[in-house]
Amino acid sequence: MTNYSLLLQEAKGLLLNTALDKNTTLTKVCLLLQSTVEHYDWVGFYFANEVERTLHLGPFAGIPTDHTVIPYGKGICGQVAVSNENFLVDDVSAQDNYIACDIHVKSEIVIPLFVGGKNIGQIDIDSNVVNAFSEQDTHFLEQLNAAIADSLF
Ligand code: SME
């Protein structure tokens with residue numbers, strides 16, 4: 001069982017290291033989460049280009065994806081760019097508007113990253129098991145994104 005409050009403290013510790021640039025810090029956060037939480041198989045950030053209405057892959061941990069640019073509205077990530085709301089998918093095979101990055105992925109969670117009230121991107125986590133995510137993940141990732149917004153943006 002993951003100790004989420006300890007994990008949040010560890011992630012906040014990484015965010016305090018001002019010697020590192022933003023991308024290096026977020027890569028370390030992705031690696032920390034992916035290596036600590038058993039059901040986090042792919043962890044990454046997408047950032048919004050508001051003019052083009054596209055999301056762009058940022059730091060991530062896990063296998064590389066072909067989907068480095070996602071239009072607003074497309075897939076789970078693109079829907080969150082439009083809705084500004086958390087999206088927890090218990091079973092990706094039941095979703096019509098879904099972009100498969102890896103055939104092994106069974107469930108997904110996407111939590112928007114707000115800076116000054118504006119949705120500037122999101123953290124996206126894939127799991128290779130169905131029903132992997134719960135309210136605990138939602139709460140943890142909301143707190144993590146709030147800490148990232150405070151420290152890095
Ligand atoms: N599955 C996502 C695409 C991103 S990959 O999971 C890395 C989606 O449907 O938007």
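Fair warning: this is a prediction, and the values are worked out from it, not measured in the lab. Order of listing sets the numbers, starting from 1, for every ligand and every atom in it.
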Practice problem: Might you confirm whether atom CG of Asn3 has over 12 heavy atoms from other residues, nucleotides or ligands at distances under 6.0 Å? | Solution: yes
Quiz item: Within a reach of under 6.0 Å around CD of Glu10, are more than 12 heavy atoms found that belong to other residues, nucleotides or ligands?
Solution: yes
Quiz item: Can any side-chain N or O of Asp91 pair as donor or acceptor with the backbone N or O of Ser107 at less than 3.5 Å?
Solution: no
Quiz item: So, Glu142 and Asn86: side-chain donor and acceptor under 3.5 Å apart, yes or no?
Solution: yes
For ligand 1, run through the N/O pairs with the protein that fall under 3.5 Å and put one pair on each line.
{"from": "ligand 1", "atom 1": "1 (N)", "to": "Ile99", "atom 2": "O", "distance (Å)": "2.7"}
{"from": "ligand 1", "atom 1": "1 (N)", "to": "Glu108", "atom 2": "OE1", "distance (Å)": "2.9"}
{"from": "ligand 1", "atom 1": "1 (N)", "to": "Glu108", "atom 2": "OE2", "distance (Å)": "3.2"}
{"from": "ligand 1", "atom 1": "6 (O)", "to": "Asp124", "atom 2": "OD2", "distance (Å)": "3.4"}
{"from": "ligand 1", "atom 1": "6 (O)", "to": "Asp126", "atom 2": "OD1", "distance (Å)": "3.3"}
{"from": "ligand 1", "atom 1": "6 (O)", "to": "Asp126", "atom 2": "OD2", "distance (Å)": "2.8"}
{"from": "ligand 1", "atom 1": "9 (O)", "to": "Ile76", "atom 2": "N", "distance (Å)": "2.9"}
{"from": "ligand 1", "atom 1": "9 (O)", "to": "Ile99", "atom 2": "N", "distance (Å)": "2.9"}
{"from": "ligand 1", "atom 1": "9 (O)", "to": "Ile99", "atom 2": "O", "distance (Å)": "3.4"}
{"from": "ligand 1", "atom 1": "10 (O)", "to": "Ile76", "atom 2": "N", "distance (Å)": "2.9"}
{"from": "ligand 1", "atom 1": "10 (O)", "to": "Cys77", "atom 2": "N", "distance (Å)": "2.8"}

Quiz item: Will you find, in the side chains of Asp137 and His39, an N or O donor that is under 3.5 Å from an N or O acceptor?
Solution: yes
Quiz item: Hey, which of Ile70, Asp124, Thr68 is the one that makes side-chain contact (heavy atoms from CB on, under 4.5 Å) with Leu57?
Solution: Thr68
